[in-house]
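Only a predicted model underlies this, so the values are computations on that prediction, with no experimental measurement involved. All values below were derived from every heavy atom in this structure, side-chain atoms included, with hydrogens, water molecules and symmetry-related copies excluded. A, B, ... follow the sequence lines: proteins, then strands. Residue 1 opens every chain.
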Amino acid sequence: MVKMQLDLASRTLSLDGTLSCGQIFRWTKQDGWWLGMVDGVPIKMRQTGEHLEVESSSPVAESRITRFLRLDDDLDSILEELSRDDLIRRVFADVRGLRIVRQDPWECLISYILSRNCSIPAIEGTLNRICRRFGERVEWGGRILHRFPEPDSIFSAEPMGLVGCGLRYGRRQALELKEIARLVSDGVMDFNALRRMPYEDARSMLISFDHGIGRKVSDCVLLFSLEKLEAFPVDVWVSRAVAELYQGRLNPELVRRVRGGSRLTAKDYDSISDFGRRLFGRYAGYAQEYLYHWVRLRAGVHLLQTSRQASE
DNA sequence: ATCCAGGATATCT
DNA sequence: AGATATCATGGA
């Protein structure tokens with residue numbers, strides 16, 4: 001057991017908000033501690049006052065935690081730059097200390113491919129079952145955890161084994177996951193290369209890989225794992241938030257469709273995403289995540305599962 | 001039981 | 001190109 005304490009000092013952080021808002025799916029809170037993995041190493045974290053307490057099974061460089069939580073971002077400056085109007089200022093005030101997390105691109109990509117048309121608890125359940133069945137077992141403190149499976153492990157998986165984990169779209173989706181795993185394993189899909197590309201180019205390339213990667217999945221992977229903070233993913237919640245706050249600046253027909261609960265067309269996605277990016281600029285993704293968390297909090301979505309098992 | 005959820009794609013006009 | 005039909009699970 002290795003213990004470490006990070007001095008947050010002036011670095012604003014809400015660990016609860018950051019890990020419970022629905023950007024990342026495999027962290028759970030138990031007895032006041034967040035339990036999860038960073039680079040395959042089991043980690044426990046707890047925020048107490050000005051400090052972040054970190055416990056791990058083996059030594060972890062402080063810089064890895066700092067990178068994971070994007071504590072290298074000057075959050076206050078970013079939010080100040082994003083404060084275009086009083087509406088978004090109020091959202092920032094209601095959702096304090098939320099940070100975008102730096103996820104592993106492979107895990108992030110698979111997570112969002114199978115997130116489509118699913119609720120967050122369902123995504124968590126499916127991911128946990130996939131890790132339990134295909135990921136490496138790790139024991140820590142009498143607890144059994146599972147790493148996220150390597151690409152080769154998914155590539156060589158039996159399709160029905162994946163389907164049995166609860167995929168929303170069955171065998172078709174299992175074949176998608178296997179194909180993506182092959183592309184990653186063969187280096188055809190090169191996350192480091194994508195990270196170096198401009199947002200628009202990386203997004204076009206990701207979408208061109210197909211097999212379950214569309215606009216939304218691309219934007220999530222780019223924002224949460226590939227350093228593209230201008231990405232503005234749009235789901236039903238973000239569309240509701242934007243349609244509510246900025247109804248006067250959007251196509252009235254689009255606002256009506258969002259309010260009526262009808263599904264978003266590809267064109268609607270582009271309208272809202274482009275609007276967000278134009279309004280907020282290089283840190284639009286941060287504004288998006290605050291909007292997402294804000295509407296869900298206000299709708300009374302409960303974010304912390306208390307009784308469900310993480311991964312055994 | 002019913003309803004909804006961090007959508008993508010094949011198949012039309 | 002742009003609209004729409006289809007896919008078909010788990011959790012609240």
By a strict heavy-atom criterion of less than 4.0 Å, which residues belonging to residues 156-181 of chain A are in contact with DNA chain C? A:G166, A:L167, A:R168, A:Y169
Counting only non-hydrogen atoms, which of residues 273-295 of chain A are less than 4.0 Å from DNA chain C? none
Select base, sugar-phosphate, or nothing to describe what [X] touches, counting heavy atoms under 4.0 Å on all strands.
X	answer
A:I113	nothing
A:C220	nothing
A:V238	base
A:R257	nothing
A:D210	sugar-phosphate
A:S115	sugar-phosphate

Looking at residues at least two apart in the chain, or sitting in another chain, which of them share a salt bridge (charged side-chain N to carboxylate O under 4.0 Å, His left out) with A:D39? A:R64
Taking side-chain contact (heavy atoms from CB on, under 4.5 Å) as the test, write out the residues that go with A:V295, two or more places apart. A:W237, A:A241, A:R298
For the side chain of A:R129, starting at C-beta, report the closest nucleotide among C:dG11, C:dA3, B:dA8. C:dG11
Nearest whole Å is fine: how far is C:dG11 C1' from A:N117 CG? 14 Å
When the distance from NZ of A:K216 to P of B:dT9 is rounded to whole Å, what number comes out? 14 Å
With Watson-Crick and G-U wobble geometry limited to distances under 3.5 Å, how should the secondary structure of DNA chain B be encoded in dot-bracket form, using | for bases paired to another strand and [ ] for crossing pairs? .||||.|||||||
Would you mind listing the cluster partners of A:M160? Hydrophobic ones only (ILVMFWY), side-chain contacts under 4.5 Å, chaining allowed. A:V163
